[in-house]
> 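A single structure is presented below for examination.
All values below come from the heavy atoms of this structure, side chains included, with hydrogens, waters and symmetry mates left out. Below, chain A is the first sequence line, B the second, and so on; all start at residue 1.
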There are 2 protein chains.
Amino acid sequence: MSDPLSKRRLKMWIRLLGVTRAAEGELREFLRVRHDTTLPRFDVMAALYRRREGVTMSELSRMLLVSNGNATTVVDRLEKDGLVRRTPSETDRRTVHVALTPEGLAQFEGLAAEHEAEVSRLFAGLSEADLDSLTDILKRMRGA
Amino acid sequence: MSDPLSKRRLKMWIRLLGVTRAAEGELREFLRVRHDTTLPRFDVMAALYRRREGVTMSELSRMLLVSNGNATTVVDRLEKDGLVRRTPSETDRRTVHVALTPEGLAQFEGLAAEHEAEVSRLFAGLSEADLDSLTDILKRMRGA
DNA sequence: CGCAATAATTTCAAGCTTGAAATTTCATAC
DNA sequence: GTATGAAATTTCAAGCTTGAAATTATTGCG
C-alpha cells in the first residue's frame, strides 16, 4: 500500500489541505474585519441565496457538508439576528423550511460582490488554463 | 470586479472547498472508527513525527495553520494522554518544546500506514499526470 | 387499522477553534 | 543597567462542530 503513487497522493492531500486552510483563514479574516460576520454564517446565507425559495434543514446540512446539529445552531443564531426565517412545512410536520429574510437578502447582496472579489484576489495566480485543468480534476475527485 | 475570470475562480473555490470537506469528513470518520482519535490530534502527532527532535508551540501552530490557543489545548489533551511531552527550553524561558513520547511515536507509527492507504483510496481517481498538474497548480496557489 | 421502521429536527456533552487579553521573559536602545 | 517594546505561551469567552440520543411525525407492512 505504500507504493510511490500512494505517497504522492498523500503529499498532494497535505498540500491541498494547506492551500484550503490558508485561503479559509484569509476569508475568515475578510468576513470578520470588513463585514463583522463569520464563515459558517456566510456559508448558510450563500446556500439560502442560491435557493431563494428556501430549503429544509436536512437539505441545508447536506449542501454544506455539516451535521444536522451544526446547521441547527448556525440557523438559530442567524434567526435571532433576523437574517433568516424558519417556516413549518404545510405538508410534513417534521419538516422546517429556512429562507433568507429581506434583511438577510439585503445583507448578503452587499457581501457577495466583495466576497467574490476577495476570492478572485486570493487565487489571482490562476489562469484560464489552470482553472480548466483544476476544475476537471476536482470534478473527478468528488466522484471518487 | 465581476468579470468571467473572477466568477470562474469563485466556482473553483466552492468546488475545492467541497472536495476538501468531503475528504476531511471521510478521514475524520476513519480516525474515529478505526483508531479512536480525531483529525486535530492526528495533525499534531504527524507534525511532531516529521520533526522528531521536537518543535516549539509557535512552530507547531504555524505548521498547522491554527491559532496558538488552539495548539495549546490540543497539546494539553495529548499530554494528558501521555502521547506528547512538553519540555522547557534551556536557553529561553518563554519557550516550550513539544515532542512525541515513545508511546506517542508507537501509536503514530501504527496509524501512519493505514492513514496513507485511506488517503490514497480517497483519491484513487488521480493518475500520475493528474498529480503532476495538480501539484504544480497548488504550489502556485500557495504563493499567491 | 396498528405498529414497526424510517425520517426530520433538536438537544446535548464533549471537543475544536478563534481572537483578544494576560503573563512572563527576552532584546535593545538609550 | 533600566525601561520600552517585542516575543512565546497560556487563558478566556464565544462561537463552531461532531456524533449520539431524544422527540415528533410519517410511511408502509401485516
> Any base atoms under 4.0 Å from B:S58, or only sugar-phosphate, or nothing? Heavy atoms, all strands.
sugar-phosphate

> Checking all strands, does B:T72 fall into the base, sugar-phosphate, or nothing category for heavy-atom contacts under 4.0 angstrom?
base

> Can a donor-acceptor pair be found, under 3.5 Å and without considering hydrogens, that links the side chain of A:R52 to the backbone of A:Y49?
yes

> Between B:D43 and A:R21 (salt bridge meaning N to carboxylate O under 4.0 Å), is one present in this structure?
yes

> For A:R86, report the nucleic acid contact type (base, sugar-phosphate, nothing); a contact means any heavy atom under 4.0 Å.
sugar-phosphate

> So does B:R34 pair up with B:E118, basic N to acidic O under 4.0 Å?
no

> Figure out the CZ/P separation between B:R93 and C:dT25, and round it to whole Å.
5 Å

> What are the bounds, 5' to 3', of the part of DNA chain D that sits under 4.0 Å from heavy atoms of chain A?
D:dG15 to D:dT26

> On DNA chain C, compare the nucleotides closest to B:G69 and A:N68; which residue's is nearer the 5' end?
A:N68

> Between B:E128 and A:R9, is there a salt bridge with N-O shorter than 4.0 Å?
no

> Nearest nucleotide by nearest heavy atom, which residue falls closer to the 5' end of DNA chain C, A:T73 or A:G25?
A:T73

> Looking across every strand, which nucleic acid part, if any, lies under 4.0 Å from B:N70 by heavy atom: base, sugar-phosphate, or nothing?
base

> Which residues pass the side chain to side chain donor-acceptor pair (under 3.5 Å) test with A:E79, not counting sequence neighbours?
A:R86

> Return whichever of B:D76 or A:R41 has its heavy-atom-nearest nucleotide of DNA chain D closer to the 5' end.
B:D76

> Would you classify B:S67 as touching base, sugar-phosphate or nothing, given that sugar-phosphate means primed atoms plus P, OP1 and OP2, and contacts are heavy atoms under 4.0 Å?
base

> Measure across B:V98 and B:L48 and return the closest heavy-atom pair with its distance rounded to 0.1 Å.
O-CD2, 3.7 Å

